[in-house]
Structures are given as structure tokens and as C-alpha cells.
Asker: 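Mind looking over this structure? Questions follow.
Atoms considered below: every heavy atom in the structure, side chains included; atoms not considered: hydrogens, waters and symmetry mates.
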Amino acid sequence: MDPNMLLYASLSILLILFVSKLFEKSMHLPSSPFPKLPIIGHLHLIKEPLHRTLDTLSKTIGPVFSLRFGSFLVIVVSSPAAVEECFTKNDVVLASRPASR
């Protein structure tokens, strides 16, 4: 492969990542455990069995946190009080969320 072509391809990928980060929709999300990787998100943190991994993360981070599984945003709610607040007090807000892909 031509060295100039490799340089242009890598610069264009970096530019696309930078612009997408700039225009990323800012939402008020719960904290995330670690910085996410560009394409896979937090998938590198997940090990078998999934429920034990999420339990360990909830003990270290807190009862409500967000993860990125590839391009999907996942909000983990692990305490009964937080679940009750989500599904009884804020049910209208959660029911009117945008359709998933």
C-alpha cells in the first residue's frame, strides 16, 4: 500500500472520530465506569457470567451507571429503590423514550 494513502486514510479516520465526538448529542447520563473504546465501547469489560460482572461493577461504581455495548447505550439500574423510582415515579419519561434501532 502506498505510504501516502495509508497516511490519508488514518488522518481521515481520526478526523471522522473527532468530528463525531464534537457533535455527539450531550445527554444527562449516569456515570460510566471507564473510558469507552472507540468501536466496541465497554464490551471489553464484560465476562461470563454477565450478571456477576454487572454486580461487581455496581458494587464499585454505584447502583446506576451507563455502559456502551458497541453502538448501543445500556443503563444499568441495580438497586430496588432506584428501580422503583424509574418505574413508578418516572414511568412517563421512560415510556416516551425514542424507539431503538
Side-chain angles (χ1 to χ4, degrees):
M1 183 179 252
D2 185 25
N4 287 334
M5 182 119 171
L6 183 64
L7 176 69
Y8 292 139
S10 61
L11 285 176
S12 63
I13 289 173
L14 285 174
L15 181 67
I16 289 170
L17 288 174
F18 178 72
V19 169
S20 67
K21 189 72 171 173
L22 248 165
F23 292 108
E24 189 174 82
K25 186 178 177 182
S26 66
M27 298 184 289
H28 299 289
L29 296 175
S31 64
S32 183
F34 306 101
K36 64 182 189 259
L37 296 176
I39 295 176
I40 63 171
H42 292 107
L43 283 174
H44 65 284
L45 297 174
I46 303 302
K47 296 173 180 49
E48 292 288 330
L50 178 63
H51 67 281
R52 288 190 183 159
T53 304
L54 293 177
D55 181 51
T56 305
L57 286 173
S58 71
K59 287 179 182 172
T60 58
I61 299 166
V64 179
F65 59 94
S66 64
L67 295 173
R68 246 319 148 187
F69 290 167
S71 63
F72 293 100
L73 176 67
V74 177
I75 306 294
V76 179
V77 181
S78 62
S79 79
V83 170
E84 180 182 356
E85 184 176 340
C86 288
F87 291 114
T88 59
K89 298 176 185 169
N90 296 322
D91 59 344
V92 174
V93 175
L94 290 172
S96 64
R97 65 187 186 276
S100 60
R101 297 180 205 170

Asker: Look at the side-chain heavy atoms of Ile, Leu, Val, Met, Phe, Trp and Tyr, link any pair under 4.5 Å apart, and say whether Leu11 and Met5 land in one connected group.
Answerer: no
Asker: Would Leu50 end up clustered with Leu43 when hydrophobic side chains under 4.5 Å apart are linked, directly or stepwise?
Answerer: yes
Asker: Less than 4.5 Å apart, side chain to side chain, heavy atoms only: is that true for Ile46 and Phe69?
Answerer: yes
Asker: Please report the closest heavy-atom contact between Leu54 and Phe65, naming both atoms and the distance.
Answerer: O-CZ, 4.1 Å
Asker: Using every non-hydrogen atom in the two residues, find where Ser58 and Ser78 come nearest and quote the distance to one decimal.
Answerer: CB-OG, 3.3 Å
Asker: Determine the minimum heavy-atom distance between Leu73 and Ser66, stating which atoms define it.
Answerer: CD1-CB, 4.1 Å
Asker: If I compare all heavy atoms of Val64 with all of Val77, which pair ends up nearest, and what's the gap?
Answerer: CG2-CG1, 4.2 Å
Asker: Surrounding OH of Tyr8 (heavy atoms of other residues, nucleotides or ligands, distance under 6.0 Å), is the total greater than 12?
Answerer: no
Asker: Start with the C-alpha distance between Leu57 and Val76, add both sets of side-chain angles, then the distance that settles side-chain contact (heavy atoms from CB on, under 4.5 Å), and finish with yes or no.
Answerer: CA-CA 10 Å; Leu57 286 173; Val76 179; over 6 Å; no
